[in-house]
Amino acid sequence: MKKVVKFGGSSLASAEQFMKVGNIIRSDEERRFVVPSAPGKRFDGDTKVTDMLYACYALAEKDHNFMTEMSKIEERYNEIIAGLKLDLDLTNEFDRIIDNFKKKKGKDYAASRGEYLNGIIMANYLGFEFVDPADSIRFNEAGVFDAELTNKLLSKQLADMESAVIPGFYGAMADGTVKTFSRGGSDITGSIVAKAVQADVYENWTDVSGFLIADPRIIDKPQGIDIITYAELRELSYMGATVLHEDAIFPVRKEGIPINIKNTNAPEDEGTWIVGNTCQKSKYVITGIAGKKGFASINIEKDMMNSEVGFGRKVLQVFEEYNISFEHMPSGIDTLSVMVHQSEFVDKEQNILSGINKAVNPDSIDIQSDLALIAVVGRGMRAQRGTAGRIFSALAHANVNVRMIDQGSSELNIIIGVSNDDFEAAIKAIYSIFVITRL
Ligand code: ASP
């Protein structure tokens with residue numbers, strides 16, 4: 001068995017956290033490939049090293065003196081090295097980084113040093129080999145991640161290694177220019193490494209014991225999710241559930257490598273398993289609930305719309321012309337609604353309305369704003385009668401007016417539109433009916 005283990009910033013924020021990580025890795029010899037983030041926050045109000053690096057580089061770019069900021073970053077690392085009692089000196093590394101900042105090597109280069117330096121410390125601490133992802137995680141000239149080439153280079157590079165530390169978050173273009181993924185991107189590196197070494201499991205260690213059924217800012221102490229499929233997770237993360245970077249599932253998904261979200265501060269907790277398929281039923285009919293506020297719905301009415309070939313296409317073409325992506329498109333016989341992000345739509349509103357008028361000559365167009373979308377997701381819903389009925393009676397009892405309903409064709413989710421003001425009440429009502437009273 002081979003495991004790839006990725007540790008997030010809060011798991012590596014201090015020497016104390018590093019020791020927990022060391023114990024976790026040493027307690028299982030299958031944990032052979034380690035992907036660290038940069039040191040995160042040690043306490044509320046602390047600053048992540050990545051953010052310190054961005055701020056420091058912003059000064060360098062303007063030819064301002066950045067040495068005070070850089071010494072603070074150096075101190076963070078030296079504190080960890082001292083706490084772990086390592087025989088390691090990063091002075092030369094920092095000299096090179098300072099030099100490269102002066103040469104304006106780029107924002108991505110600057111940010112990537114957070115993971116790079118943490119990787120050096122981690123490799124030294126564990127006695128593992130250090131692998132610089134700039135040599136094998138590849139981006140093309142347009143800055144887009146090249147999955148195929150990366151897999152070729154990285155699997156070759158790691159093939160004969162018993163164990164290694166590969167810093168997260170970055171790679172490089174063919175000419176050596178360092179490129180990072182988007183924020184939180186070490187999760188993606190972990191997944192890429194898991195694919196390259198054909199790991200049995202990708203363990204993603206963070207500071208929570210996996211995913212929760214609903215947002216803890218809305219539901220007091222929500223239950224955790226034991227097992228979730230990639231498809232369900234896609235639906236939930238799209239609707240705002242965070243923990244894992246959205247793009248982190250792609251490399252492992254095709255390979256059938258499961259991801260296990262674990263808690264560095266409570267390693268005995270089972271956490272959440274993310275898998276391709278499972279015959280395991282979820283504990284409840286629903287696997288999770290997530291949602292987002294800030295949508296608008298453009299409702300178009302025209303008699304005999306159903307028999308007008310190309311009606312939908314013409315409407316959507318107007319949105320395309322103004323570069324607006326739509327989220328949902330519920331339709332009736334003579335009505336069609338297009339749901340969009342209000343913030344993207346608002347400036348182009350009048351242009352789009354006149355575009356629709358010209359394109360399809362509707363009887364009326366009406367706009368509803370300040371809507372929230374809630375996704376109720378669960379592989380268990382397919383086999384269960386009456387799920388939608390239960391959701392709507394729960395919402396009716398909570399005095400929530402449902403403005404839109406959309407059941408995905410996979411029957412994996414039901415999307416409900418409510419007004420922004422009803423968002424929290426709606427989530428509470430749905431959680432309560434499925435998880436608390438388990439009706
Ligand atoms: N350190 C980077 C960030 O703060 C990447 C990561 O932690 O995954 O976004």
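As the structure lists them, so they are numbered: ligands from 1, and atoms in each ligand from 1. Computed from heavy atoms alone, side chains included, the values below leave out hydrogens, waters and symmetry copies. We count residues from 1, following the sequence as given.
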The atoms of ligand 1 lying under 4.0 Å from a heavy atom of Ser37, numbered in the order shown, are 6 (C), 7 (O), 8 (O)
Report task. Please determine, by modelled atom types, if Glu93 and Tyr116 share a side-chain donor-acceptor pair under 3.5 angstrom. Result -> yes
Rounding to 0.5 Å, atoms CZ (Arg390) and CG (Leu395) come to a distance of 13.0 Å
Any N or O of Arg183 closer than 3.5 Å to N or O of ligand 1
yes
Discussion item. We want to know whether Asn265 and Gln17 form a side-chain donor-acceptor pair, criterion being a heavy-atom distance below 3.5 angstrom.
Written reply: yes
Per-atom filter on ligand 1: closer than 4.0 angstrom to a heavy atom of Glu115 are 1 (N), 2 (C), 5 (C), 6 (C), 7 (O)
Is a donor from one side chain sitting under 3.5 angstrom from an acceptor on the other, for Glu203 and Asn260?
no
- Query: Does Gly185 come within less than 4.0 Å of ligand 1, judged by its heavy atoms?
  - Reply: yes
So for His245 against ligand 1, with non-hydrogen atoms under 4.0 Å, the contacting part is neither
*asked:* Any heavy-atom pair between the side chains of Tyr202 and Ile274 that's under 4.5 Å?
replied: no
- Is the shortest distance from a heavy atom of Gly184 to ligand 1 less than 4.0 Å? yes
Under 4.0 Å from one or more heavy atoms of Ser186, ligand 1 contributes atoms 5 (C), 6 (C), 7 (O), 8 (O)
Ion pair present between Asp146 and Lys179, side-chain N to carboxylate O less than 4.0 angstrom?
no
What do you reckon, does Lys6 have a nitrogen or oxygen under 3.5 Å from a nitrogen or oxygen of ligand 1? no
